[in-house]
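Labels below follow one simple rule: chain letters A, B, ... track the order of the sequence lines, proteins then strands, and each chain is numbered from 1.
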There are 2 protein chains.
Amino acid sequence: MFAKLPVSGHTDTMTTRRERLRAATFEEIKTAALSQIAEVGGSSLSLRGVAREIGMSPAGLYRYYDGRDELLTDLIADAYKDLATAVESAIDEGGDSPHDRFAAGMRAYRRWALEQPNRFLLIFGTPIPGYEAPDDGPTVEGNRRMGEAFFSVGVDAWRRGQMPPVALGRPTTEGERNLAADIDPEMPPEFIPVMLGTWAHFHGLVTLEVLNQFRWLYGDDSEVLFESEIERLLSGLGVSG
Amino acid sequence: MFAKLPVSGHTDTMTTRRERLRAATFEEIKTAALSQIAEVGGSSLSLRGVAREIGMSPAGLYRYYDGRDELLTDLIADAYKDLATAVESAIDEGGDSPHDRFAAGMRAYRRWALEQPNRFLLIFGTPIPGYEAPDDGPTVEGNRRMGEAFFSVGVDAWRRGQMPPVALGRPTTEGERNLAADIDPEMPPEFIPVMLGTWAHFHGLVTLEVLNQFRWLYGDDSEVLFESEIERLLSGLGVSG
DNA sequence: TGACAATGTGAACACCGTTTACATATCATG
DNA sequence: CATGATATGTAAACGGTGTTCACATTGTCA
């Protein structure tokens with residue numbers, strides 16, 4: 001790269017002018033759509049509204065997206081990736097102990113959800129009618145990344161002997177065993193459902209908080225519930241703080 | 001009342017002909033709306049579609065509901081009540097031990113959600129844009145009923161000495177103490193957040209299952225995860241089976 | 001320079017929720 | 001029983017939406 005260029009100057013970055021403009025327009029569309037979603041929620045996202053906001057005719061948007069559903073799909077994928085990175089980096093910088101790293105990840109999950117509730121509901125709320133998650137799509141990809149991040153903390157805790165074995169009370173399924181073997185051949189497969197259950201636990205807390213289902217009891221201060229639940233949930237895992 | 005009537009015979013039940021027709025039309029509207037919701041989800045419920053289905057002009061619906069939002073509000077209220085009764089009666093008939101009654105309630109919650117996912121998402125999915133839950137409305141009423149049902153099982157377990165005290169790791173809030181005192185003056189207030197957390201736990205499981213977030217690992221058989229989580233969650237409460 | 005593809009527009013279509021003016025059926029009352 | 005009031009339903013219209021189509025314009029590249 002950094003090729004020599006004629007005096008007229010152009011196309012040094014191997015991207016043609018049109019491609020740059022197109023990329024910029026994509027960004028403009030997405031940011032406009034995101035701001036609209038933050039206000040009115042994903043289900044009321046209006047294509048014509050986006051077109052209006054960026055000063056383009058409604059039909060013009062169809063040069064970029066095949067319709068409203070495809071735009072939403074793109075935004076959903078972005079949201080998944082964004083949440084995953086938020087959780088990943090929070091875990092990375094969460095400290096040394098598994099306890100602290102778990103807690104950091106959960107707090108990042110909650111913070112992300114509360115800071116952009118409509119985007120969170122884009123992922124974990126009612127699915128958009130037209131949207132069907134492809135099995136290899138970026139939504140499962142985001143899920144995989146988040147799962148991996150949490151699982152890795154669990155594995156670490158287990159290696160340190162800080163995560164005692166669990167009595168599952170039933171035989172593990174084949175899927176659980178395969179996944180566990182994928183992560184670490186010696187990892188007890190019982191940890192898989194336990195970690196999934198842990199995710200479900202704080203996900204439920206976050207979901208209900210986003211939907212204001214705790215306000216009647218905690219008002220604007222539902223953080224205390226979340227914090228004490230983190231401790232209870234981690235101590236249930238045997239991961240002491 | 002029970003006024004004498006001419007031979008022509010009518011209006012014995014104190015309901016006039018118009019009132020009966022009106023009530024019937026209300027039912028017809030609701031069932032049509034429900035069937036439409038089951039197919040396409042609450043967010044795509046169409047007033048004109050309902051009108052078409054029952055053979056009425058769109059404007060005619062406005063003699064029964066002030067608009068789409070009010071119809072949806074009514075259906076949401078019904079769903080809340082319905083879920084609450086399902087959970088209540090499941091707990092009632094769940095057996096003697098707190099363990100079995102808890103489990104029965106949770107299973108009913110899950111079954112109800114999986115059997116009518118769109119209706120469940122009407123309650124716990126992305127809120128309908130125009131809808132704002134009134135603080136004294138039937139949604140909080142439904143929540144209250146469900147909460148009461150579960151709390152009562154917890155209280156019973158505690159009275160039997162089957163629910164050991166919990167170390168919350170923080171002082172209880174005023175709201176928690178008030179609610180606990182309301183339920184039973186001698187009940188330890190720490191049970192409140194623990195029960196709420198328990199609700200969040202299996203609610204998260206159900207939500208993720210409704211959104212198919214477990215299919216990648218469990219396929220169509222995610223019940224095993226739910227069942228083992230019930231046990232883990234109850235044993236975390238100290239309620240043994 | 002000219003052909004070609006990419007990009008954007010305006011008008012139209014079908015659908016939606018909602019309001020308005022009007023017709024009809026039911027009711028309560030003289 | 002007749003009459004006026006009220007409840008119920010309709011047709012037409014308005015502004016909004018997503019989407020398509022024919023057409024103009026612009027950038028790219030041989």
*Asks:* Please pick, from C/dG8, C/dC16, C/dG10, the nucleotide with the shortest atom-to-atom distance to any side-chain atom of B/S46.
*Replies:*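 Minimum distance to the B/S46 side chain belongs to C/dC16.
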*Asks:* Less than 4.0 angstrom between a side-chain N/O of A/R22 and OP1 or OP2 of C/dT7, yes or no?
*Replies:*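 The answer is yes; a side-chain N or O of A/R22 sits under 4.0 Å from OP1 or OP2.
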*Asks:* Work out how much the helix from C/dT1-D/dA30 to C/dG30-D/dC1 bends between its end axes, five pairs an end, to the nearest 10 degrees.
*Replies:*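 Axis angle across the helix from C/dT1-D/dA30 to C/dG30-D/dC1, nearest 10°: 10°.
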*Asks:* Is the shortest distance from a Lys or Arg side-chain nitrogen in A/E141 or A/K81 to a carboxylate oxygen in the other one below 4.0 Å?
*Replies:*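 Result for this pair is no, no salt bridge flagged.
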*Asks:* From C-beta outward on A/Y64, which listed nucleotide comes closest to its side chain: C/dA21, C/dC16, C/dT7?
*Replies:*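 Looking only at heavy atoms from C-beta outward on A/Y64, the closest nucleotide is C/dT7.
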*Asks:* By nearest nucleotide on DNA chain D, pick out whichever of B/S57 and A/R52 is the more 5' one.
*Replies:*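 Result: B/S57.
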*Asks:* Counting the atoms with a prime plus P, OP1 and OP2 as sugar-phosphate, which does B/L71 contact under 4.0 Å by heavy atoms, base, sugar-phosphate, or nothing?
*Replies:*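 Nothing, no nucleic acid heavy atom in range.
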*Asks:* For the side chain of A/Y62, counting heavy atoms from C-beta on, which of D/dG18, C/dT9, D/dG9 is nearest?
*Replies:*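 When the side chain of A/Y62 is considered, D/dG18 is the closest of D/dG18, C/dT9, D/dG9.
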*Asks:* For A/T85, enumerate each residue passing the side-chain hydrogen bond (donor to acceptor under 3.5 Å, both in side chains) test, keeping only those at least two apart in sequence or located in another chain.
*Replies:*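 Checked A/T85 against side-chain hydrogen bond (donor to acceptor under 3.5 Å, both in side chains); zero matches.
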*Asks:* How about B/E176 and A/Y218: does a side-chain donor come under 3.5 Å of a side-chain acceptor?
*Replies:*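 There is such a pair between these side chains.
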*Asks:* State whether the side chain of B/T126 and the backbone N or O of A/T126 hold a donor-acceptor pair below 3.5 Å, judged by distance alone.
*Replies:*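 Such a contact is found between B/T126 side chain and A/T126 backbone.
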*Asks:* Regarding A/D82 and A/R119, does a basic nitrogen lie under 4.0 Å from an acidic carboxylate oxygen?
*Replies:*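 Yes, charged N to carboxylate O under 4.0 Å.
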*Asks:* Picking from D/dT19, D/dT20, D/dA12, which would you name as closest to the side chain of B/A59?
*Replies:*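 That would be D/dA12.
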*Asks:* What's the closest nucleotide to the side chain of B/M56 if the choices are C/dT18, D/dG9, C/dT9?
*Replies:*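 My answer, after comparing the listed nucleotides, is D/dG9.
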*Asks:* In residues 44-63 of chain A, what donor-acceptor pairs under 3.5 Å come from side-chain atoms, sequence neighbours left out?
*Replies:*
from	atom 1	to	atom 2	distance (Å)
A/S44	OG	A/V40	O	3.3
A/S46	OG	A/R48	N	3.4
A/S46	OG	A/G49	N	2.8
A/E53	OE2	A/S35	OG	3.3
A/S57	OG	A/G60	N	3.3

*Asks:* Ignoring the backbone of A/R63, work out which of C/dT7, C/dT18, D/dT19 is nearest its side chain.
*Replies:*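 Comparing C/dT7, C/dT18, D/dT19 against the side chain of A/R63, the answer is C/dT7.
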